[in-house]
Amino acid sequence: MERLRCVVERITYQNAENGYTVLRCRAKGYADLVTAVGVMPEVHVGSVLSLGGSWRMDAKYGRQFAVDTLEETLPATAYGMEKYLGSGLIKGIGPRFAGRIVRTFGQDTLEVIETAPDRLLEVPGIGRLRVERIKKSWQEQKEIKNIMLFLQSHNVSTAHATKIFKTYGSESVAVVRETPYRLADDIWGIGFKTADTIAEKLGFDHEKYVRLRSGLLYTLNRLSDEGHCFAARAQLLSAGAALLSVEENLLSMTLDEMIRVKDVITEDLPAPQKDFAAASGQSAPVGGGSSAEKAIYLPPFYHAETGAARRLKKIAADGGGLRVKTEGLAARIRAKTGMDYDGTQLEAIQRAAESKVLVLTGGPGTGKTTTTLGIITAFREAGAKILLAAPTGRAARRLSEATGLEAKTVHRLLEVKPPEGYARNAENPLEGDVLIVDECSMIDIMLFYSLLKAVPDAMRLILVGDVDQLPSVGAGNVLRDVIDSGCVPVVRLTRIFRQAAKSRIITNAHRINAGLLPDLSNGRASDFFFVDVERQLERDGVTDPDGAVTAQTAARMVVELVKTKLPRYYGVPGTEIQVLTPMQRGAAGASSLNALLQEAVNPGGEGLRRGGVLYRARDRVMQIRNNYEKEVFNGDVGTVTAVDIEERTLTADFDGRSVSYDVSELDELVLAYAATIHKSQGSEYPVVVMPLLMSHYVMLQRNLVYTGVTRAKKALVLVGTKKALSLAVRTVTVTGRNTLLAQRLRKTDESY
């Protein structure tokens with residue numbers, strides 16, 4: 001094995017999942033920069049590395065050093081020290097101050113920082129506050145290095161070391177050594193598999209209760225990420241046994257103990273739900289009232305589902321509150337608004353005036369907003385105080401613009417107050433007569449229960465949304481379950497109004513929803529375009545039996561559309577063009593497209609790197625977890641306004657709110673030039689580009705394409721193949737989420 005001592009100059013590529021890295025480094029004995037490739041997680045520009053490996057010749061990229069082993073050391077030369085300190089690793093020292101410090105202390109630089117940091121005051125421009133920041137950051141980095149060395153000694157990636165240190169501080173090594181499964185419970189981004197790897201290296205018993213318990217909780221959480229509120233017992237044991245490589249009977253005993261100590265909650269599974277597991281690709285539970293017919297819940301989802309059913313029925317049954325004069329209502333609303341409502345819209349306004357709870361649903365162009373305005377007019381005539389809300393900032397802003405009234409996100413309506421939760425709740429309910437919530441297809445069971453707890457019994461509740469869109473990202477299928485329960489009035493708008501019918505986006509969305517292929521005739525007057533990738537390959541004389549070239553070609557076409565063609569044609573900047581794709585992975589998936597689009601739309605410039613992604617000023621980013629302290633939530637989209645290399649922080653603007661992130665928190669963000677269609681719910685964009693290929697096979701379904709199409713306002717461009725589009729339109733996958741909300745709402749007794 002050869003050794004290569006080097007200083008990292010540039011990171012060309014890094015895979016966030018497996019740590020595979022391509023970097024350019026300045027190496028001792030070599031005049032030009034050297035390319036090194038291999039698994040090197042968490043290295044950064046300025047790192048001083050001692051690499052073990054061998055040289056190889058790559059046919060495409062030339063001579064490379066293939067890395068087998070890696071050790072990070074402190075730099076020995078003035079040049080290395082300046083690169084190391086200037087990398088942003090130590091808060092308070094950026095490239096400018098790194099140069100000054102090294103010029104002042106030379107070879108003694110690191111010794112000064114370690115043993116006599118107050119001497120940094122001798123450096124021009126460095127004051128006491130900056131010295132204190134440097135001292136604190138240097139000490140933290142030393143402790144983090146200890147954690148990294150400990151993890152590395154057990155062949156575990158160090159990607160989470162900073163988070164572990166922030167959570168446990170000086171106790172980090174002790175916690176990891178003694179109770180590694182705590183990591184999965186306590187730290188977002190560290191799952192069971194990481195904790196299990198650490199535990200295995202530490203010699204934990206394969207069949208230890210704490211391991212089996214953690215594996216079952218992980219399996220339930222993974223199912224909730226897929227939208228399920230519970231698991232059938234047979235499915236949970238089967239999936240858990242496969243994950244943990246243990247016998248199901250041993251896991252069954254573990255589950256029984258978890259039920260006894262209330263780690264999970266169980267109840268009988270109603271007969272209509274028995275094929276849930278089969279719908280999820282698992283063996284279906286079998287009958288006779290056996291334990292296989294049990295539903296197993298994580299407690300928060302059980303309490304949210306039962307609580308939501310209880311609260312919605314209580315609100316619907318309450319006879320108090322605002323009274324609306326319904327006689328002659330239609331004529332009065334027409335006179336006040338000057339709008340000519342059709343019969344279904346007038347029915348919705350009338351039923352809203354008569355009902356405590358109402359669901360208003362319908363596709364694009366069917367007049368949901370116009371009808372909502374009519375409902376608001378009826379309630380304002382009665383002197384009502386009206387509250388408006390939507391799940392996302394963008395949806396709330398659209399609702400406000402359409403109605404002329406203030407609309408808040410549901411989180412802000414409930415006055416999120418970390419770490420306690422929401423300030424608005426059963427003890428401190430919302431104040432008003434009517435609550436109208438838009439884009440309800442996005443609301444998951446946890447948020448729905450939090451909302452209903454804050455709705456007083458006497459308040460009227462109007463739920464508005466398109467039930468044919470994709471269900472919420474979080475667990476549950478709230479809007480569909482409420483409609484399917486038959487327990488509250490539902491008005492479905494179906495007529496496409498004349499103005500909306502001029503838009504091919506709208507007419508094609510309805511064709512897709514009806515199971516028909518959209519009109520692909522294009523034309524300059526159209527707002528719906530189809531770019532056939534296969535035809536382009538035919539023109540190029542390319543055959544592509546496995547689809548790889550098709551995906552790569554589609555990705556190039558998407559980038560060209562966003563960078564050049566669409567801005568020129570529509571006169572809009574690239575920032576107003578959103579790429580939506582069915583999947584995260586693959587050549588035409590969100591991850592790959594984001595890398596290509598970032599270089600096309602926002603190239604060059606320094607930034608902060610995390611998990612293989614470089615975040616620069618002006619980048620479009622998306623939050624991927626609810627962060628109640630920062631008040632940014634899963635799916636929120638913002639723009640990076642500033643990157644501070646010295647402090648290793650990033651600032652992003654989310655709908656006018658400035659939010660700061662430490663570099664260790666950047667795994668909460670992803671680039672958002674391209675996003676999955678699931679993540680686009682509740683948003684609208686002037687121009688949408690949507691790749692749709694057979695490589696997206698597992699995700700191709702009608703409601704996904706319908707949701708993507710309905711995100712576009714001015715223009716939609718589908719880039720793909722007719723075969724993929726046809727398959728998606730024919731494939732209906734609406735059900736399959738494991739919920740009992742509809743059944744609970746139908747119950748006449750109190751056993752929710």
Any side-chain donor paired with an acceptor under 3.5 Å for Asn634 and Gln623?
no
Going by heavy atoms in the side chains, are Arg737 and Ser472 under 4.5 Å from each other?
yes
Arg744/Glu305 salt bridge by N-O under 4.0 Å criterion
yes
Could you tell me if Asp619 and Tyr673 have a donor-acceptor pair between their side chains, going purely by distance under 3.5 Å?
yes
Reported CG-to-CZ distance for the pair Asp433 and Arg380, which is rounded to 0.5 angstrom
13.0 Å
Reference residue Leu461; test side-chain contact (heavy atoms from CB on, under 4.5 Å); the match among Leu435, Ile436, Val488, Leu358:
Leu435
Start with the C-alpha distance between Thr739 and Asn477, add both sets of side-chain angles, then the distance that settles side chain to side chain donor-acceptor pair (under 3.5 Å), and finish with yes or no.
CA-CA 7 Å; Thr739 77; Asn477 203 352; over 6 Å; no
More than 12 heavy atoms of other residues, nucleotides or ligands under 6.0 Å from CZ of Arg332: is that the case?
yes
Could you measure the distance from the CG atom of Asn425 to the NZ atom of Lys417? Nearest 0.5 Å is fine.
9.5 Å
Give a yes or no answer on whether the side chain of Ser400 reaches the backbone of Ala396 with a donor-acceptor pair at less than 3.5 Å.
no
For the student: nearest non-hydrogen atoms of Arg460 and Arg323, plus distance:
NH2-CA, 4.5 Å
Mind checking the OG1-CE spacing from Thr707 to Met442? Nearest 0.5 Å is all I need.
10.5 Å
For Thr361 and Val467, the nearest pair of non-hydrogen atoms, with its separation, is OG1-N, 3.1 Å
Just by distance, no angles: are the side chains of Gln578 and Arg620 close enough, under 3.5 Å, to form a donor-acceptor pair?
yes
Side chain to side chain donor-acceptor pair (under 3.5 Å) partner of Arg397, chosen from Thr392, Asp655, Thr409:
Asp655
Consider only side-chain N and O atoms of Gln469 and Asn703, and report whether a donor and an acceptor are under 3.5 Å apart.
no
Indicate yes or no for a side-chain donor-acceptor contact from Asp636 to the backbone of Val632 under 3.5 Å, with no hydrogens or angles considered.
no
Are Glu576 and Tyr685 close enough that some pair of their side-chain heavy atoms sits under 4.5 Å apart?
no
Looking at Tyr615 versus Tyr661, is the centre-to-centre ring distance below 6.0 Å?
no
Considering only heavy atoms from C-beta outward, does the side chain of Ile677 approach that of Thr581 to under 4.5 Å?
no
Whether Tyr297 and Tyr302 hold their rings parallel, tilted or perpendicular, with breakpoints at 30° and 60°
perpendicular
List the atom of Leu223, the atom of Ala231, and the distance in Å for their closest heavy-atom pair.
CD1-CB, 3.5 Å
More than 12 heavy atoms of other residues, nucleotides or ligands under 6.0 Å from CZ of Arg746: is that the case?
yes
Answer yes when Arg424 and Glu415 have at least one side-chain N-carboxylate O distance shorter than 4.0 Å, and no when they do not.
yes
Could you state the interatomic distance from CG (Leu452) to CE (Met459), rounded to the nearest 0.5 Å?
11.5 Å
Could you check Ser591 against Gln584 for side chain to side chain donor-acceptor pair (under 3.5 Å), going step by step and ending with a plain yes or no?
CA-CA 6 Å; Ser591 293; Gln584 189 69 33; 3.0 Å; yes
Answer yes or no: are there more than 12 heavy-atom neighbours, outside Lys630 itself, under 6.0 Å from its atom NZ?
yes
Looking only at the side chains, is there a donor atom on one of Thr641 and Asp653 sitting less than 3.5 Å from an acceptor on the other?
no
Under a 4.5 Å cut-off applied to non-hydrogen side-chain atoms, are Lys385 and Glu431 in contact?
yes
Under the criterion side-chain contact (heavy atoms from CB on, under 4.5 Å), I'd like the reasoning laid out for Ile265 against His303: C-alpha separation, chi angles, the key distance, then a yes or no.
CA-CA 9 Å; Ile265 296 173; His303 294 304; 3.7 Å; yes
Would you indicate whether the side-chain heavy atoms of His678 and Met699 approach each other to under 4.5 Å?
yes
Assess, by modelled atom type and distance only, whether the side chains of Gln345 and Thr371 contain a donor and an acceptor separated by less than 3.5 Å.
yes
Closest contact, heavy atoms only, Tyr341 versus Leu373
OH-C, 4.3 Å
Test item: side-chain donor near acceptor, Ser503 and Asp527, under 3.5 Å:
yes
Min side-chain heavy-atom separation Met339-Thr370 under 4.5 Å
yes
Leu399 and Ala389: which non-hydrogen atoms are nearest, and at how many Å?
CD2-O, 3.7 Å
Taking only Lys NZ, Arg NE, NH1 and NH2, and the carboxylate oxygens of Asp or Glu, determine whether Arg398 and Glu439 approach each other closer than 4.0 Å.
yes
What is the distance from atom CG of Leu608 to atom CG of Leu650, rounded to the nearest 0.5 Å?
6.0 Å
What is the minimum heavy-atom distance between Asp318 and Ala458, and which atoms define it?
OD2-CA, 3.5 Å
Check whether any side-chain heavy atom of Phe448 sits under 4.5 Å from a side-chain heavy atom of Asp444, and report yes or no.
no
From Arg334 CZ over to Ile349 CD1, what is the distance, rounded to the nearest 0.5 angstrom?
9.0 Å
Contact between Leu329 and Gln350 at the side-chain level, heavy atoms closer than 4.5 Å - yes or no?
yes
Do the side chains of Arg311 and Asp457 get close enough for a salt bridge, i.e. N-O under 4.0 angstrom?
yes
